[in-house]
Amino acid sequence: MSVLDAPVGAAPGRDSTSGGEGLVPVFVRLKLTLLRNGLRQSAGRRAAYITSLVLALLIAAGQLIALIALRGNAHAGSLVVLLAGLLAVGWTVMPLFFPSGDETLDPSRLVMLPLRPRPLIAALLMASLVGIGPLFTLCLTAGSVIAVAQGAAGAVFAVVAAPLTLLVCVALTRAVATANTRLLTSRKGRDLAVLSGLLIAVGFQVVNFGAQRLGRAGGLSALDPVADVVRWLPPASAIGAVDSASQGSYGQAAVQLLLSVAALLALLWLWQRSLVKLMTAPDGSTLAAAEPNREKAGKGGSKLSALLPQGRTGPVMERSLRYIARDPKTKAAWVTALAIGLIVPMLNALQGTGSLYFACFAAGMLGMQMYNQFGQDTSAFWMVALTISSTRDAYLELRARALALLLITLPYTIVVTVVTAAVLGDWEALPEVMGLSFAMLGAMLATGAVASANFPYSIPQDGAFKNVAPGQAGLAWISIFGGMISAALLCAPVITVTIWLHVADMEQWLWLLLPAGAVYGALISWAGLRLAAPRTANRLPEILAAVSKG
């Protein structure tokens with residue numbers, strides 16, 4: 001028996017008593033059981049999950065109808081091939097930035113089980129197909145093959161291509177996740193994820209501006225040159241095979257389909273090798289020499305404390321700033337927000353078609369860091385909870401966390417707005433845009449505080465690719481997107497005044513939006529903190545239970 005045939009988590013040569021028969025249904029039932037038990041914990045969690053499921057299905061249905069409507073279009077093949085490529089990229093990188101993950105997909109939890117690699121891979125792959133993401137992807141792939149399938153040959157290839165594309169996407173995600181688990185779960189290794197987060201953030205913006213150029217190009221024909229290359233790259237090659245078969249190029253279609261099959265087999269093999277290495281080899285990535293300069297570091301911390309306000313506010317601000325500097329997941333979120341907040345307005349400005357109003361994107365991205373404030377504390381929140389015995393304590397805690405965010409977000413928003421105005425040469429619009437940014441930042445702080453009190457969720461620390469505990473994904477989406485919609489509504493008065501001044505030809509008064517926006521943002525953030533404080537003080541046990549789940 002080879003090493004790869006040995007039970008995972010057991011020494012080579014040791015036989016397994018569990019075998020691999022029936023492992024797939026066991027893992028699928030485990031996935032469903034975890035989901036069901038998570039939804040049983042509270043009515044709010046069930047409502048959040050159901051709402052996220054309905055929204056995902058509505059979006060998927062809309063995309064499906066739109067793709068079917070493209071049937072017969074001469075350039076539909078180019079669009080669906082590129083869509084398959086984007087799906088593959090999304091499945092690879094999305095777990096780094098969006099809530100996902102469950103115990104059935106975390107290989108580190110299976111180390112002590114005598115499971116053989118090949119049956120385990122099959123079981124994990126099938127369990128990965130249970131969820132909203134796979135269903136959404138299947139809808140898109142089904143719409144893609146329907147859009148290009150013509151004739152009996154196209155239909156035959158379509159039946160194989162749609163599930164094959166989904167399997168390649170899932171296998172790609174799990175292979176990448178398993179291969180990088182140890183790297184991203186070590187302290188220094190996870191810091192490297194910050195750089196990857198920045199690169200991926202830039203990549204998303206490249207796709208965004210590519211879509212803008214497509215709209216200016218005047219049709220789908222602009223996609224043909226890129227699609228001619230992508231259609232030979234798995235899993236897009238499976239969708240390209242359907243298009244080729246529909247046009248009578250059966251040899252080309254067979255080659256393209258075989259490329260996706262070969263990619264699936266290669267990914268499963270790489271996944272298996274990474275899994276065996278992860279679960280049998282000793283981990284030295286987290287071994288590090290003790291730091292000799294702890295006393296010096298402590299003195300640095302005292303210098304930071306001296307610059308912060310006295311009382312409860314200073315220590316809370318220092319704790320929040322240390323989270324940003326030291327916690328890998330918090331750091332990655334901040335670096336991504338800082339990068340996107342600058343990239344969006346600057347790229348639009350450099351293209352010569354941008355507007356200074358894009359600078360408000362910086363305030364929006366950074367304001368999102370106020371959401372789920374207690375989740376970043378994880379189980380250590382109990383120490384914070386012990387210090388909160390009244391509504392005033394809760395208010396001071398939330399206010400200090402908001403002030404820590406403002407130390408970064410406020411000057412950064414000003415710098416991005418001024419630099420964008422300089423690139424565009426639009427200094428006249430600077431006061432109104434600055435005022436809108438301040439109002440938006442205040443609204444995000446207010447809704448973030450309320451969402452943190454009402455919709456807390458855990459951020460697991462034991463998985464590099466999990467940003468929320470199992471069963472809480474819907475809760476996280478509702479917290480973030482519900483808060484963003486509420487923030488937009490809170491900014492409506494400032495936006496309305498801005499529009500009215502432009503329509504009424506009263507541009508000479510637009511400069512008043514700068515102080516007005518700053519005052520409005522300060523007042524709305526104060527009101528949000530006041531509203532969230534009693535809710536936080538009264539829900540400490542529920543918040544502690546929610547953030548300690550992971």
Side-chain angles (χ1 to χ4, degrees), residues 53 55-73 75-95 98 100 125-176 207 211 220 223 226-247 249 252-268 271:
L53 175 62
L55 290 176
L57 291 178
L58 287 176
I59 296 174
Q63 296 293 327
L64 178 62
I65 295 173
L67 289 170
I68 294 176
L70 285 175
R71 184 177 175 84
N73 189 291
H75 305 285
S78 298
L79 177 63
V80 297
V81 162
L82 293 178
L83 177 61
L86 289 177
L87 281 175
V89 173
W91 271 92
T92 305
V93 303
M94 290 273 276
F98 295 93
S100 63
L125 182 62
M126 292 301 104
S128 302
L129 297 177
V130 178
I132 299 176
L135 179 60
F136 182 84
T137 303
L138 184 60
C139 290
L140 293 186
T141 55
S144 298
V145 297
I146 293 175
V148 295
Q150 300 289 340
V156 171
F157 274 85
V159 171
V160 179
L164 178 60
T165 301
L166 175 60
L167 289 174
V168 172
C169 289
V170 174
L172 178 61
T173 286
R174 296 308 157 194
V176 172
V207 173
L220 296 177
L223 298 176
V226 180
D228 290 340
V229 177
V230 176
R231 69 176 60 248
W232 291 98
L233 302 176
S237 61
I239 305 297
V242 180
D243 189 28
S244 299
S246 300
Q247 297 176 9
S249 303
Q252 177 176 319
V255 173
Q256 290 173 319
L257 192 65
L258 288 175
L259 284 175
S260 290
V261 173
L264 176 60
L265 295 176
L267 288 171
L268 293 177
W271 184 9

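Because the structure is predicted, anything quoted here is derived from the model rather than measured. The residues of the chain are indexed from 1 along the displayed sequence.
- Under the rule for a side-chain contact (heavy atoms from CB on, under 4.5 Å), Val159 has no partner lying at least two apart in sequence or in another chain.
- Counting heavy atoms from C-beta on, the side chains of Cys169 and Pro235 come closer than 4.5 Å.
- Nearest heavy atom pair, residue Ser260 against residue Ala238, reads OG-N, 3.1 Å.
- Closest approach of Gly85 to Ala236, counting heavy atoms only: N-CB, 4.1 Å.
- Residues Trp91 and Val168 fail the side-chain proximity criterion, which asks for heavy atoms closer than 4.5 Å.
- When every heavy atom of Leu259 is checked against every heavy atom of Trp232, the shortest pair comes out as CD1-O, 3.6 Å.
- No donor-acceptor distance shorter than 3.5 angstrom exists from the side chain of Gln150 to the backbone of Ser246, with no hydrogens or angles considered.
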Kindly list each side-chain donor-acceptor pair under 3.5 angstrom involving residues 61-72, sequence neighbours excluded, with atom names and distances?
residue: Arg71; atom: NH1; partner: Ile146; partner atom: O; Å: 2.5
residue: Arg71; atom: NH1; partner: Ala149; partner atom: O; Å: 2.7
residue: Arg71; atom: NH2; partner: Ala149; partner atom: O; Å: 3.0

Hey, mind stepping through Phe157 and Val242 against side chain to side chain contact (heavy atoms under 4.5 Å, CB included) and telling me if it holds? CA-CA 5 Å; Phe157 274 85; Val242 180; 4.2 Å; yes
Candidate pair Arg231 and Ser237, rule side chain to side chain contact (heavy atoms under 4.5 Å, CB included), full reasoning: CA-CA 5 Å; Arg231 69 176 60 248; Ser237 61; over 6 Å; no
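- The distance from the CG atom of Leu82 to the CG atom of Leu87 is 11.0 Å, given to the nearest 0.5 Å.
- Between Phe136 and Ala56, the closest heavy-atom pair is CD1-O, 3.6 Å.
- Atom CG of Leu129 sits about 6.0 Å away from atom CG of Leu167, to the nearest 0.5 Å.
- If you check the side chains of Thr165 and Thr141, you find no donor sitting under 3.5 Å from an acceptor.
- Pairing each heavy atom of Ala84 with each of Ile239, the nearest pair is CB-CG1, 3.8 Å.
- Side-chain contact check for Leu57 versus Leu135: some heavy-atom pair is nearer than 4.5 Å.
- Here the CD1-OG1 distance, from Ile132 to Thr137, works out to 11.5 Å after rounding to the nearest 0.5 Å.
- Taking OG of Ser144 as the start and CG of Leu83 as the end, the distance is 4.5 Å to the nearest 0.5 Å.
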Please step through side chain to side chain contact (heavy atoms under 4.5 Å, CB included) for the pair Val81 and Asp243, ending with a clear verdict. CA-CA 9 Å; Val81 162; Asp243 189 28; 5.7 Å; no
Between Asn73 and Leu79, does the side chain to side chain contact (heavy atoms under 4.5 Å, CB included) criterion hold? Intermediate values first, please. CA-CA 10 Å; Asn73 189 291; Leu79 177 63; over 6 Å; no
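- Going from atom CG of Leu257 over to atom CD of Gln252 covers 12.5 Å, rounded to the nearest 0.5 Å.
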